[in-house]
Amino acid sequence: MFGVYAPGQQASQLTYFGLFALQHRGQESAGMAVSNGETTMVSKDMGLVTQVFNERTLAALDGHLAIGHTRYSTTGSTVWDNAQPAYRQVGEAAVALAHNGNLTNTIQLAETLQLDNVTDSELMLEAISREVDATRSDGTGLFQAVMKVAPSFEGAFSLTIMDQGNLVALRDPHGFRPLCLGQLPDGGWVVASETAALDILGADFDREVEPGEMVVINASGLKTYRPFEITPDPKLCVFEFVYFARPDSHLLGRNIHAARQQMGRILADESPVDADVIVPVPESGIPAAQGFAEVSRIHYADGLIKNRYVGRTFIEPSQMLRDRGIRMKLNPIPDTLAGHRVVLVDDSIVRGSTTRQLVTMVREAGATEIHLRISSPPYKWPCFYGMDTSDRSRLLAAERSVDEIQEFLEVDSLAYLSIEGLLAASGGGSFCTACLTNDYPTDISGQAGKFVLEVL
Ligand code: AMP
């Protein structure tokens with residue numbers, strides 16, 4: 001998710017590069033809304049940022065104010081209608097919204113608004129738009145509307161919202177999903193899910209948007225508000241540290257790559273193994289494997305090569321595509337693996353399908369033993385805050401012990417990082433660890449799955 005307010009600059013170009021840096025967060029669709037203060041244009045389509053936009057389409061999107069989005073769906077199907085930014089024309093106001101996260105009161109909100117066949121993001125836009133409509137006669141518009149309806153949203157939402165004159169950035173009181181604020185070299189403000197998007201634009205990191213904070217940027221500058229009555233209770237998703245965020249991003253002031261290396265070091269301390277070679281599962285396992293090798297003093301070598309042009313297979317929505325993707329993604333180097341006792345290091349096992357195929361591949365390449373080391377604890381519980389794992393039955397570790405998983409994956413040994421080790425490597429702090437501990441920071445009793453509002 002991205003947003004920019006940059007007088008005198010072409011916001012569509014800046015948004016394009018920002019989204020390009022954030023492509024790893026979602027690959028189903030990409031889009032942006034751009035305004036020149038009067039007219040707003042929205043352009044979005046299925047596919048990657050580079051497939052959706054080109055120089056010609058960007059040049060046509062004129063204006064200094066924009067928001068952008070790449071989608072990884074957690075509510076609703078992967079279809080054009082659900083691509084973001086979501087957009088409504090409300091009288092004179094053109095309101096667009098981009099959302100990272102997942103609401104946990106989607107059903108109640110849909111009932112209140114009398115809507116179905118929409119996403120949680122569309123519901124938020126609808127709620128805001130109705131309020132804009134009610135208040136626009138007094139000229140307060142978007143700002144008042146968001147202040148008023150934001151407390152009715154529950155769960156995970158980092159949002160960028162705009163009309164023709166304002167860029168609004170909002171983070172839920174738990175701050176489940178990241179959101180940061182930066183200043184452009186030629187003036188103007190940027191908001192983005194991760195700091196890597198600021199780097200690509202040469203923007204200076206200013207600070208994170210705080211949990212429970214709303215930032216409004218317009219012609220009179222930047223102002224900050226607190227729309228929520230409840231006290232902020234920071235619970236950044238710990239899986240951002242494990243897997244999701246880019247290694248070159250910083251969260252809570254910590255570099256993600258360094259945190260992942262530390263996870264590997266702690267894992268080596270907790271679960272040492274006698275072996276010949278440490279092999280990372282690229283690319284997600286690389287920093288942890290480096291840390292593991294450093295502590296264990298076992299030789300580190302590349303034994304699996306990733307095709308650079310294949311995206312993250314897990315993000316593709318159907319199992320059939322996912323299975324095909326895995327085989328396209330990685331290829332072993334038998335010279336590194338044959339005849340050796342291999343420590344295979346990866347960051348996580350979610351459904352287990354990639355890992356199982358990987359183990360077979362490494363075995364076929366001649367490894368004599370495979371010791372699997374995972375730099376996060378077992379992923380046992382569904383996420384309702386923005387990871388597409390709401391179906392518990394598909395989580396490998398949901399009902400299995402570590403021994404049973406070892407047997408299922410056919411490895412010689414298996415060890416996961418402890419939760420204490422993970423939190424220490426991530427710098428302490430207060431995280432959402434629900435997927436690992438069953439400790440959900442909000443009420444999730446109303447959960448009904450990804451397709452809750454779809455009329456089938
Ligand atoms: P699997 O064995 O199918 O559970 O896949 C494990 C692989 O998926 C690991 O290499 C992880 O890095 C990766 N992974 C974990 N979480 C996610 C996610 N939310 N999206 C995409 N890939 C993920």
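Read the numbers this way: they start at 1 and go in the same order the structure lists the ligands and their atoms. Residue indices begin at 1 and follow the sequence shown.
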> Just wondering, more than 12 heavy atoms not from F20 lying within 6.0 Å of its CZ?
Replying inline: no
Per-atom contacts of ligand 1 with [X], taking only distances under 4.0 Å to non-hydrogen atoms:
X: I349; answer: 4 (O)
X: T355; answer: 1 (P), 2 (O), 6 (C)
X: S353; answer: 1 (P), 2 (O), 3 (O)
X: S284; answer: 10 (O), 12 (O)
X: M387; answer: 19 (N)
X: Y72; answer: 19 (N)
X: R351; answer: 1 (P), 4 (O)

> When F2 is tested against each of T160, T70, V190 for side chain to side chain contact (heavy atoms under 4.5 Å, CB included), which residue passes?
Replying inline: V190
>> Heavy atoms only: which of V281, L330, T389, T354 lies closest to atom 5 (O) of ligand 1?
In response: T354
> Between R363 and E410, is there a side-chain N and carboxylate O pair less than 4.0 Å apart?
Replying inline: no
> So does E210 pair up with R226, basic N to acidic O under 4.0 Å?
Replying inline: yes
Any N/O pair [X]/ligand 1 closer than 3.5 Å:
X: R356; result: no
X: V350; result: yes
X: F244; result: no

>> Looking at ligand 1, is there an atom of it that comes within less than 4.0 Å of some heavy atom belonging to F239?
In response: yes
> Any chance the side chains of D403 and S401 put a donor and an acceptor closer than 3.5 Å?
Replying inline: no
> F244 and ring pair (Phe, Tyr, Trp, His ring centres under 6.0 Å): which partner among Y385, F176, Y72?
Replying inline: Y72
> If you measure from each non-hydrogen atom of D346 to ligand 1, which part falls under 4.0 Å: side chain, backbone, both or neither?
Replying inline: side chain
> Relative to each other, are the rings of F239 and Y243 parallel, tilted or perpendicular (30° and 60° limits)?
Replying inline: tilted
